[in-house]
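The structure appears right after this line, and notes come after that.
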Amino acid sequence: MVWDRQTKMEYEWKPDEQGLQQILQLLKESQSPDTTIQRTVQQKLEQLNQYPDFNNYLIFVLTKLKSEDEPTRSLSGLILKNNVKAHFQNFPNGVTDFIKSECLNNIGDASPLIRATVGILITTIASKGELQNWPDLLPKLCSLLDSEDYNTCEGAFGALQKICEDSAEILDSDVLDRPLNIMIPKFLQFFKHSSPKIRSHAVACVNQFIISRTQALMLHIDSFIENLFALAGDEEPEVRKNVCRALVMLLEVRMDRLLPHMHNIVEYMLQRTQDQDENVALEACEFWLTLAEQPICKDVLVRHLPKLIPVLVNGMKYSDLDIILLKGDVEEDETIPDSEQDIRPRFHRSRTVAQQHDEDGIEEEDDDDDEIDDDDTISDWNLRKCSAAALDVLANVYRDELLPHILPLLKELLFHHEWVIKESGILVLGAIAEGCMQGMIPYLPELIPHLIQCLSDKKALVRSITCWTLSRYAHWVVSQPPDTYLKPLMTELLKRILDSNKRVQEAACSAFATLEEEACTELVPYLAYILDTLVFAFSKYQHKNLLILYDAIGTLADSVGHHLNKPEYIQMLMPPLIQKWNMLKDEDKDLFPLLECLSSVATALQSGFLPYCEPVYQRCVNLVQKTLAQAMLNNAQPDQYEAPDKDFMIVALDLLSGLAEGLGGNIEQLVARSNILTLMYQCMQDKMPEVRQSSFALLGDLTKACFQHVKPCIADFMPILGTNLNPEFISVCNNATWAIGEISIQMGIEMQPYIPMVLHQLVEIINRPNTPKTLLENTAITIGRLGYVCPQEVAPMLQQFIRPWCTSLRNIRDNEEKDSAFRGICTMISVNPSGVIQDFIFFCDAVASWINPKDDLRDMFCKILHGFKNQVGDENWRRFSDQFPLPLKERLAAFYGV
């Protein structure tokens, strides 16, 4: 029975006085502001972890040592929590039991700080898989809720709230015999408790189970909603906040139950959006954002708009606190270096190959660049941003019907003498730009000049928001004669790029990038002037804005293309870029935006980039090689070597693509002298989709630029391309598809053995519902190209893809890719004419989408159309062509004489 005594002794554990003093000394030292002392403390704590009863001391200080001050006791508990997180599975049984019983016995400590610490400790133990191994935890906490003692009830509720937040999923599973069936009805009883803190805990606990539509809550949904309504006017802000949060989530989950009360809920949320407590107002404001995404929004809100719109507009003013936090009264700060934590991590968007369309270049990719994002240094999400976002979505729901409610307010705001009010009016004008554009057009000839004037307002915050709002109307500005608005806007924005305030510089740079995307070659006459400004900004900008400047330069190159390839422009632009390039180390994440920028510049400059290409090419290959090597070490010995940041490799592959695209055949010698194809073979098999995506884009570009170096690897590459035709990874699949098409054009008849590796997947993808447009178009082009080089192999499947093939290619512009694809389809039709019979009208429509095909392609079309007409006879052809829409009929008659 020796063993039994051992456990008993553990339970009656008493600290050794000397050990206790040593630990208290450490806890005191760790509160010192001196970082060197903190570091020594950290090391000592790590050493103490080797003693099995170290954790007993920690729980003892937290729960038993009432003579100590609360911050020290709480700290002891938090260190114990970290140990539980890191080493819990190594705690001896006795220690674990001691900690658990101490927690439950002290959940009602008189100090709110100690109660909260014990609660955090409990939920940490629970989330280490111990809910199963601590069967009496939930029953015990639930029974403590009924305690007469306020501290015990509040402590138990605090712990339960944390457990509900951390372990919601397991609470709602069979693993624990569904405790929520008891817990949720229990929580609902406390909605009417006399203490506001406890009411707030009760609502917060139940709120954890709304989004997951937990069965136990759905059974009591009516009583839950009824109880929420009873709390609507609660005097405690925390309770009101949780009520608002619950209603917002219920909108998504149980709209059916809210609908009968919708009028009252909307009225209530209107009041709460104006709550004195900003946290409550923010939660309430989320309601409008969520409601706007529901189909019923338009009908439900229409009668409330006269009240709602002024409330949202009012919420868009900077609060006094915002202005202090934003240093709104500091006008000039351009010489103050950025602190590193101000710089957000950037995400590189890997290359995706897409087709150009006829509809004035509107891409279907959602650009997030014009999100309402004008004050990113205050806590990221606040009432101002939420109100502006809500107005933005509502403008998209109601379109111009919103204007009667907005315009009278705008007149007042935009010309107001107080800058804070004027600033909010400019934000309103930007927020409604997308949804109300049509209705705003009549007012723009007056408003745009006013905004251009506001760009030189004496308040920096007015200048910065004006940049953003003007960028939201860039599309309209560009559609007008350039001298009217484009030229004055561009002139003023370029001045703002050189503003003495960093926030204004940033806003102007972003706005200018948007203007570049809209204006494209309209900017060519002003290039010298634009480059002058952007290059001057290089010498002026601090760290964070430099990164945005790279983007503005890259976008400029994308927008004006080869017009940038003039010696005087290259002379201005390249030296500062190369200087930065030489300064940055291979490990510096600032390489990302610089590499992206250079990729755009290289593509635009074409042969103009030749003098710079060798060192740039070499470094990219090195970055890929380094990253792959590091990844191999990490795979072999994860504890010895950390995983590399693969973004370095992705951005480098993309820049190599840009070089191949810009330099064309001139890249041949660089490729010949490097091991890039071996590296690509590894990248194409990387676990990370973005790496594969970029390597396939590069494969396609190198195939076009110097196929002689790619050809020897085709037998290795094709099977990998085949396995990546998986539409779950849209962009990977898209780039692989495009590369196969480029390879087939180069291979010609030698493509034959590889057709079986890819054809079935391509036909499957083109017939999939909901496939994104870009992928459909690239798939159609690649099928056409495979059919062009190997008609005998592909034509038998014609009937399975001809209809989606025709519909996906009718909207893309005439270009080389479309040309080769249509030659392929014509060749296949001549091999297998019966494959097209049933869908011939689609073929006719696709042919008619050509503006001016090359002569020999036009002859191919002619031959097929006339062949079909002759085969069916005049009478049948007339009946057939009577189904055509008139424009199609006229076009075929005019172009092809049928």
Side-chain angles (χ1 to χ4, degrees), residues 81 107 115-116 118-132 134 137-145 153-193 195-232 234 236-255 257-258 279-280 282-284 286-287 290 381:
K81 175 208 73 165
I107 193 71
R115 290 201 298 273
V118 172
I120 289 172
L121 188 51
I122 289 177
T123 185
T124 309
I125 295 172
S127 60
K128 290 299 276 189
E130 285 295 303
L131 268 175
Q132 293 97 300
W134 194 354
L137 172 63
L138 294 171
K140 177 82 169 143
L141 288 175
C142 284
S143 68
L144 291 174
L145 294 182
C153 175
E154 196 278 324
F157 236 137
L160 278 166
Q161 182 179 335
K162 294 184 183 87
I163 293 171
C164 290
E165 286 167 10
D166 295 340
S167 309
E169 275 178 33
I170 193 167
L171 288 173
D172 187 28
S173 66
D174 288 326
V175 180
L176 300 175
D177 201 18
R178 307 220 167 253
L180 292 178
N181 295 338
I182 300 162
M183 288 162 69
I184 284 181
K186 179 111 185 152
F187 295 153
L188 290 173
Q189 293 168 8
F190 284 86
F191 277 36
K192 299 194 166 69
H193 195 277
S195 148
K197 189 99 205 268
I198 287 179
R199 293 197 298 274
S200 169
H201 280 314
V203 183
C205 283
V206 181
N207 280 0
Q208 294 305 318
F209 304 101
I210 299 176
I211 290 295
S212 57
R213 298 180 164 79
T214 302
Q215 187 56 41
L217 174 56
M218 291 305 138
L219 292 173
H220 299 278
I221 195 75
D222 291 327
S223 126
F224 174 45
I225 291 174
E226 208 175 301
N227 277 298
L228 281 176
F229 289 166
L231 291 176
D234 202 293
E236 171 65 27
E238 202 51 34
V239 174
R240 295 199 301 272
K241 185 177 96 180
N242 284 328
V243 170
C244 290
R245 185 173 290 176
L247 289 169
V248 170
M249 293 189 284
L250 286 167
L251 265 188
E252 292 182 49
V253 175
R254 290 308 302 259
M255 178 65 93
R257 284 296 190 262
L258 295 187
N279 293 320
V280 179
L282 178 56
E283 281 299 335
E286 297 278 356
F287 179 82
T290 306
W381 191 239

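The two residues Ile211 and Val253 have their closest heavy-atom pair at CA-CG2, 3.9 Å. The minimum heavy-atom distance between Ala159 and Ile122, with the atom names listed, is CB-CD1, 4.3 Å. Residues Ile107 and Ala156 come closest through the heavy atom pair CG1-N, 3.6 Å. For Leu188 against Ser223, the heavy-atom pair with the smallest separation is CD1-OG, 3.5 Å. Listed here is the closest heavy atom pair of Glu286 and Trp381: OE2-NE1, 2.6 Å.
Proximity of Val239 to Phe191: side-chain heavy atoms (C-beta onward) are nowhere separated by under 4.5 Å. A heavy-atom distance below 4.5 Å is found between the side chains of Leu160 and Leu138. Looking at Leu145 and Ile198, their side chains never come closer than 4.5 Å, going by heavy atoms from C-beta outward.
Shown here are the salt bridge (Lys or Arg N to Asp or Glu O under 4.0 Å) partners of Lys81, two or more places apart in sequence or in another chain: there are none. Under the salt bridge (Lys or Arg N to Asp or Glu O under 4.0 Å) criterion, Glu154 pairs with Arg115, Lys197, sequence neighbours left out.
The distance from atom CZ of Arg257 to atom CD of Glu226, rounded to the nearest 0.5 Å, is 12.0 Å. Here the straight-line distance linking atom CG of Asn181 with atom NE2 of His220 works out to 7.5 Å at 0.5 Å rounding. Interatomic distance, CD of Gln189 versus CG of Asn227, reported as 10.0 Å (0.5 Å rounding). Taking SG from Cys153 and CG from Leu141, the interatomic distance works out to 11.0 Å, rounded to the nearest 0.5 Å. Distance CD1/Ile184 to CZ/Phe209: 5.5 Å, rounded to 0.5 Å. Atoms CG and CZ, from Asp234 and Arg199 in turn, are 4.0 Å apart once rounded to the nearest 0.5 Å.
Here Lys162 does not pair with Glu165 in a salt bridge; the nearest charged N to carboxylate O distance is not below 4.0 Å.
When atom types are taken as modelled, the side chain of Thr214 and the backbone of Leu217 share no donor-acceptor pair closer than 3.5 angstrom. Without hydrogens or angle criteria, Thr123 side chain to Ile120 main chain gives no donor-acceptor distance under 3.5 Å. Proximity of a side-chain donor or acceptor of Asn207 to a complementary backbone N or O of Asn242 within less than 3.5 Å is detected.
Put simply, the residue from Arg240, Lys241, Arg245 that forms a side chain to side chain donor-acceptor pair (under 3.5 Å) with Glu283 is Arg245.
Under the 30°/60° scheme for interplanar angles, the aromatic rings of Phe157 and Phe187 are found to be tilted.
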CA sep, side-chain torsions, deciding dist, call: Leu137, Ile125, side chain to side chain contact (heavy atoms under 4.5 Å, CB included): CA-CA 11 Å; Leu137 172 63; Ile125 295 172; over 6 Å; no
